[in-house]
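Naming: A, B, ... by sequence-line order, numbering from 1 per chain. What's counted below: heavy atoms across the whole structure, side chains too, no hydrogens, waters or symmetry copies. Note that the structure is predicted; figures quoted are calculated from it, not measured.
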2 protein chains.
Amino acid sequence: MKNFDRKRQTGCPVTYGLDIFGDRWSLLILRDMMLHGKNTYGDFLAADEHISTNILADRLKHLEAEGIIEKSDDPENGKRKIYSLTEKGQDLAPVILETIRWSGKYIFLNKERKALVTRIENDRDGLLAEIHQRANAN
Amino acid sequence: MKNFDRKRQTGCPVTYGLDIFGDRWSLLILRDMMLHGKNTYGDFLAADEHISTNILADRLKHLEAEGIIEKSDDPENGKRKIYSLTEKGQDLAPVILETIRWSGKYIFLNKERKALVTRIENDRDGLLAEIHQRANAN
DNA sequence: ATATTTCACTTGCATTTTACAAGTTAAAAA
DNA sequence: TTTTTAACTTGTAAAATGCAAGTGAAATAT
């Protein structure tokens, strides 16, 4: 556990957030959990962005320590661990959705992603509900 | 210009965003511009979080290169430069506001910040309009 | 006119973080 | 009982960060 142990205690809510997920990988892990149903170390490792194994392990440990995700044993496979979003983690969905919406305004998106932006704009609450539902469906 | 030259071109809107502002400082600079009316190098340097001078210079350069902010001469003081938010930069306000709202749910906030969270929840559009107005008031 | 201060940076260097490759451990499947 | 799968850990070079000090140009003071 090497990263982000240096917390900036200024009372600023932006700073608090950045100290937890203000790096190049944490929100991508959460994106995969929220939007792509990923929930194992191997799942996250397989993302297009190619996160390093040690960095992934470190980020998972940190997100867990911050109460954003939880780790549990897979009851159907003893060598597999399952990561899930806590309520605190699920509550980060709006941050991710607004990031997607912002990018959607400035870069080209494929059909699927464009559809997601449309849904963010037209059915935000429904989408959020879906994210929460899936996260709590153990 | 050392940072973030390695862009991950996966077409993912979250990745695009993180490659631009996914670090410990960029969003703090934008926070100061959006919420505290700061607009000079010295202003940003004076933030409670104590950013290093070289890092600040680097981030400003990057944000400018990405079209998030613009740099101009202060007409009233030849040795001062003024940074302002572009439309693309102003459009990041929702990301910052959702981060604030999220943190507000999980940490203690002082009265002023609590009031901001309340306004985010009750007068989001008005707040956004204000941010845009102030940014475009040259 | 000259000296000093202000402002926006740049430079050098030690420390920390990241990325890549390889290795370990335990459980499951062959 | 050997091999494979899954989740990591370890080692190390490269890159980013943080800190202190320095630079250059414009404004202010003397």
Side-chain angles (χ1 to χ4, degrees), chain A residues 1-10 15 18-29 32-33 37-65 69-84, chain B residues 1-10 15 18-29 32-33 38-66 69-84:
Chain A
M1 211 185 294
K2 4 181 166 173
N3 302 311
F4 295 107
D5 286 352
R6 203 163 7 93
K7 291 259 178 60
R8 299 167 290 193
Q9 316 221 41
T10 58
T15 304
L18 290 178
D19 282 348
I20 291 177
F21 58 76
D23 69 279
R24 286 166 68 71
W25 295 107
S26 297
L27 285 184
L28 292 186
I29 295 169
D32 283 346
M33 296 182 80
K38 294 189 179 183
N39 63 1
T40 68
Y41 184 93
D43 283 346
F44 305 134
L45 214 55
D48 286 343
E49 288 85 5
H50 301 113
I51 185 170
S52 295
T53 56
N54 54 343
I55 303 295
L56 174 56
D58 180 77
R59 291 301 115 88
L60 290 170
K61 206 174 288 183
H62 263 277
L63 290 172
E64 193 187 1
I69 62 176
E70 279 173 343
K71 181 164 129 178
S72 61
D73 296 330
D74 185 340
E76 291 168 5
N77 186 339
K79 71 189 166 194
R80 176 171 282 144
K81 305 285 177 169
I82 292 185
Y83 290 94
S84 54
Chain B
M1 213 187 294
K2 1 181 170 173
N3 304 309
F4 297 107
D5 286 351
R6 203 158 10 91
K7 292 257 177 61
R8 300 167 290 194
Q9 316 221 41
T10 59
T15 304
L18 290 178
D19 282 347
I20 291 177
F21 58 76
D23 69 278
R24 287 167 66 73
W25 296 107
S26 297
L27 286 184
L28 293 186
I29 295 169
D32 283 346
M33 296 181 81
K38 295 188 178 183
N39 63 1
T40 68
Y41 184 93
D43 283 346
F44 305 135
L45 213 56
D48 286 342
E49 289 84 4
H50 301 112
I51 186 170
S52 295
T53 56
N54 55 341
I55 303 293
L56 174 56
D58 179 78
R59 290 303 115 87
L60 289 171
K61 206 173 290 184
H62 264 278
L63 290 172
E64 193 187 0
E66 293 294 344
I69 62 176
E70 279 173 344
K71 182 164 129 178
S72 60
D73 296 331
D74 185 339
E76 290 168 5
N77 186 338
K79 72 189 164 194
R80 175 172 281 144
K81 305 287 176 168
I82 292 185
Y83 290 94
S84 54

Pairs: protein N or O with nucleotides 27-30 of chain C N or O, under 3.5 Å:
| unit_1 | atom_1 | unit_2 | atom_2 | d |
| --- | --- | --- | --- | --- |
| C:dA28 | OP1 | A:G78 | N | 2.8 |

Worksheet item: Can A:D74 and A:K81 be counted as an ion pair, charged N to O under 4.0 angstrom?
Response: no
Discussion item. Could you work out, with side-chain contact (heavy atoms from CB on, under 4.5 Å) as the rule, every residue matching A:D43, not counting sequence neighbours?
Written reply: A:K38, A:N39, A:T40
Worksheet item: How many angstroms lie between CG in A:D23 and CG in B:D23, if you round to the nearest 0.5 Å?
Response: 10.0 Å
Worksheet item: What is the distance from atom CG of B:L18 to atom CG of A:L27, rounded to the nearest 0.5 Å?
Response: 5.0 Å
I need the [atom1]-[atom2] distance between [X] and [N], as an integer number of Å.
| X | N | atom1 | atom2 | value |
| --- | --- | --- | --- | --- |
| B:I29 | C:dC9 | CD1 | C1' | 14 Å |
| A:E49 | C:dT18 | CD | P | 16 Å |
| A:D74 | D:dC8 | CG | P | 13 Å |
| B:K7 | D:dA15 | NZ | C1' | 17 Å |
| B:L18 | D:dA16 | CG | P | 16 Å |
| B:I51 | D:dG18 | CD1 | C1' | 11 Å |
| A:L60 | D:dA7 | CG | P | 10 Å |
| B:D73 | D:dA25 | CG | P | 15 Å |

Is the shortest side-chain N/O distance from [X] to OP1 or OP2 of [N] below 4.0 Å?
| X | N | value |
| --- | --- | --- |
| B:K61 | C:dT10 | yes |
| A:R80 | C:dA26 | no |
| A:K81 | D:dT5 | no |
| A:R59 | C:dT18 | yes |
| B:W25 | D:dG18 | yes |
| B:Y83 | C:dC9 | yes |

Worksheet entry | Contact nearer the 5' end of DNA chain C, comparing B:I82 with A:S52 | B:I82
Item to complete: Compare the minimum distances between each of C:dT10, D:dG18, D:dT9 and the side chain of A:A57, then state the nucleotide with the smallest one.
Response: D:dT9
Practice prompt. Among the candidates C:dA21, C:dT11, C:dA19, find the nucleotide nearest to the side-chain atoms of A:T53.
Written response: C:dA21
Worksheet, complete the sentence: Correct closest heavy-atom pair for B:E49 and B:W25 would be O-CH2, 3.2 Å
Item to complete: Under the side-chain contact (heavy atoms from CB on, under 4.5 Å) rule, what do B:I51 and B:L45 come out as? Steps first, then yes or no, please.
Response: CA-CA 6 Å; B:I51 186 170; B:L45 213 56; 4.1 Å; yes
Practice prompt. Could you check if a side-chain atom of A:L60 sits within less than 4.5 angstrom of a side-chain atom of A:L56, using non-hydrogen atoms only?
Written response: yes
Discussion item. Check whether A:Y41 reaches the backbone of A:T53 with its side chain - one donor and one acceptor, N or O, closer than 3.5 Å.
Written reply: yes
Practice prompt. Output yes when a side-chain donor or acceptor of A:H50 lies under 3.5 Å from a complementary backbone atom of A:D48, and no otherwise.
Written response: yes
Discussion item. Evaluate B:S26 against B:L63 for side-chain contact (heavy atoms from CB on, under 4.5 Å), listing each step before the verdict.
Written reply: CA-CA 8 Å; B:S26 297; B:L63 290 172; 4.2 Å; yes
Response to the item:
In numerical order, the residues of residues 37-46 of chain A whose heavy atoms come under 4.0 Å of DNA chain D are A:T40, A:Y41, A:G42
